[in-house]
Protein chains: 2
Amino acid sequence: MIDRFIRQCNGLWIESGFCRGILHLMKKVTIQDIARVSGVSKSTVSRVLNGTAQVNPEKKKAVLDATKRLGFQPNVLAQSLASGRSSSVGVLTQMIGSPFYDAISQGLIAGLSGTNYSPIFADGRWEKAEQKDALNALVGRRVDGVVVIGGTLSSAQVSKITGELPVLLVARKCDLNQYPAISVNNEFGAYQATKHLLESGHQRIALISGLSDHGDAKDRFKGFQRAVLEAGLSFEERLVVDGDFSAESGVKGIETLLAQGVEFTAVFAANDLTAYGARLALSRAGLRVPEDVAVVGFDDQMESQYMTPPLSSVRQPAREMGERAAEAMVQLLGEANFESIELVPELVIRQSSEVRR
Amino acid sequence: MIDRFIRQCNGLWIESGFCRGILHLMKKVTIQDIARVSGVSKSTVSRVLNGTAQVNPEKKKAVLDATKRLGFQPNVLAQSLASGRSSSVGVLTQMIGSPFYDAISQGLIAGLSGTNYSPIFADGRWEKAEQKDALNALVGRRVDGVVVIGGTLSSAQVSKITGELPVLLVARKCDLNQYPAISVNNEFGAYQATKHLLESGHQRIALISGLSDHGDAKDRFKGFQRAVLEAGLSFEERLVVDGDFSAESGVKGIETLLAQGVEFTAVFAANDLTAYGARLALSRAGLRVPEDVAVVGFDDQMESQYMTPPLSSVRQPAREMGERAAEAMVQLLGEANFESIELVPELVIRQSSEVRR
DNA sequence: TTGTAAGCGTTATCAC
DNA sequence: GTGATAACGCTTACAA
């Protein structure tokens, strides 16, 4: 009864002042309403709105008019349920607010806009349980595909949750080569940075590393080590201190090195944040950058060029990775294939590692 | 036929090796499957899963077992469509990747976790059209409520899209007092910062302002102006240069002031990013911070404490705003009321504005 | 306590 | 071209 009333009302609400009054309990406009108002069937409305078939121009116009007049907005939920696809891709990121992952997300948003897909984000926070929950939530929303940015889930764990959905890995490699991945060669980036310091005349380079169970951190460590050994130097454990990618760990790292009396003329930090912390600790200790100690970071996050002195860093093409990921996912969704790609990071040299004269 | 086969298969798939083989075309497990396997009706399954009613313990166990065995994951879309609520709140943010808004988002995520609601993010990018699109997308997903972080949409424009949905404004005020808002007193923050500089002995303070059509920027400008006038100084237009909240505009701002020969001993920047740029330009010009020029920013973004020297800044409780927003939205969703609140930002004094001796 | 059946707002498969 | 009508997977009266 009330239902019938409201629906009828719906058909007229633009004109009826009374209807406006009960706006707060007004039901949403559906294609059924449009059908009634424009004198056609639901199916025809659907056809017009989706362009799925030829429709008589007059009816088409009537439908379009009604759609506009009633302010119809399709119910995405119902569309997805009925069609079996949600036109959305789930994005599992790690820590909204961390510069590198955010830049990838931005790229994804940009790359996806203009396509038929829209991203749904979930935050894994680098916690295994949270990543699983987040992934489950995405799958529960019936996303058509999943982009996993970083994280610590094995591909087996991912596939257990995502099942047959297309999956794309970003900023990480796939342990089983089961999924295509867009990654960056962290080892090479670290190698370049270290080599640059060596070529600038530094013989004793300290490394403040990242989380030891973190793939990127391991690769960066390897690159560092390779450069040192290739230069014919012996690898000294004492020059390496543990960090966790935070600025605070950069401070601690330098303090530890100093307290232990380790001598060094350069520092390579696992990421820029760590480099910021290191730089602060150095200045507190009265050491000048780059005159006394050179500093190089990794990520080239935006703030780095504004540090004093501007920070040399290994640039990861984060935004580009996101954009490529968007393209790749659209391809995968179109049943096409996509081959993994590995991008090469680029060393950006600024004053923090200026050659000493 | 094939459908029947697969469904039957579903009931056994854990045990059947053959079924595993056709995994890729396996349909998703539904409550119907669980019902069949555990010998009860759909409704009972729903009751058990949602705890909506008392169920015979044995049947309950059977259902739970089957759920686990089949790896059932509820279809959120169908749930929402059937129940009329999506258990999600739409979050319209501006520019994923900008520190202040990201921090609010993090707070929201944190505050919402543990409740029955999960956030869905959309990015308005400070563009009117994009904000509308994003809002429409959220409403189309039938979110139960909307949190609007910043942005340039008037409340009339918002309400046109959101209709009767509960709306909460964050980091902005409501033009019509139509919606509750969680905001920060930008005017007072700027006033404090400026007063601090004045009390430190600065008489000629430059302002690099934010976007002129941006509410926050206007308020910060007003606070600056009030402090200057209250100190009995005359307000000099020449000391104010336009910026746009970017680091680059900080560089430009200082360059402009210097080129125009404007004398100043302190700079108040519209936000930290601008302050970073200003600091770089100052050092390029051979001016020391804080000895020659003191610098204060706004936002206190994380990197600020690692600048050289560490940057004084007006801290906005961004994360807390997000958390409060989450609570508030849950209240609104529970039909409860929520009164707007305005938080007071706190000035954090660091070396960049150290008193000159 | 449990099952049956009627929606929720679409899309998609039929006949006509 | 177009209109019934059956899904889609779930919730929720309403009966039993």
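Residue numbers start from 1 in every chain, and the chains themselves are labelled A, B, ... in the order their sequence lines are given, proteins ahead of strands.
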Do the side chain of [X] and the main chain of [Y] share a donor and acceptor less than 3.5 angstrom apart?
X: A:Ser46; Y: A:Lys42; value: no
X: B:Asp123; Y: B:Met95; value: yes
X: A:Gln131; Y: A:Gly151; value: no

Atom pair distance, as rounded to whole Å: [atom1] in [X] and [atom2] in [N]:
X: B:Leu70; N: D:dG9; atom1: CG; atom2: P; answer: 14 Å
X: B:Lys60; N: C:dT1; atom1: NZ; atom2: P; answer: 11 Å
X: B:Leu81; N: D:dG9; atom1: CG; atom2: P; answer: 12 Å
X: A:Arg85; N: C:dT10; atom1: CZ; atom2: P; answer: 15 Å
X: A:Lys42; N: D:dA6; atom1: NZ; atom2: C1'; answer: 10 Å
X: A:Asn75; N: C:dC8; atom1: CG; atom2: P; answer: 12 Å
X: A:Ile31; N: C:dC8; atom1: CD1; atom2: P; answer: 13 Å
X: A:Asn56; N: D:dG3; atom1: CG; atom2: P; answer: 10 Å

side-chain N/O [X] vs [N] OP1/OP2, d < 4.0 Å:
X: B:Ser43; N: C:dG3; answer: no
X: A:Gln32; N: C:dG9; answer: no
X: A:Ser41; N: D:dG3; answer: yes

Problem set entry | More than 12 heavy atoms from other groups under 6.0 Å of NZ on A:Lys68 |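 Atom NZ in A:Lys68 is not crowded, with 12 or fewer foreign heavy atoms closer than 6.0 Å.
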Exercise. Mapping B:Lys59 and B:Arg142 to their closest nucleotides on DNA chain C, which lands nearer the 5' end?
Worked result: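 Nearest nucleotide further toward 5': that of B:Lys59.
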Just compare [options] and give me whichever is closest to any side-chain atom of [X].
X: B:Ala82; options: D:dT12, D:dG9, D:dG3; result: D:dG9
X: A:Arg47; options: C:dG7, C:dG9, C:dT13; result: C:dT13
X: A:Ala78; options: C:dT10, D:dG9, C:dA12; result: C:dT10

Problem set entry | Distance in Å, B:Leu333 CG paired with B:Asn116 CG, rounded so as to fall on 0.5 Å steps |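 If I round to the nearest 0.5 Å, the distance is 10.0 Å.
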For this session: Return yes if the base of C:dT10 and the side-chain atoms of A:Thr30 contain a donor-acceptor N/O pair under 3.5 Å, otherwise no.
Result: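 Between C:dT10 and A:Thr30, which were checked side chain against base, a qualifying N/O pair under 3.5 Å is absent.
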For this session: Kindly indicate whether the side chain of A:Ser46 and the base of C:dA12 share any N or O donor-acceptor pair separated by less than 3.5 Å?
Result: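 In this structure, the two groups form no donor-acceptor pair.
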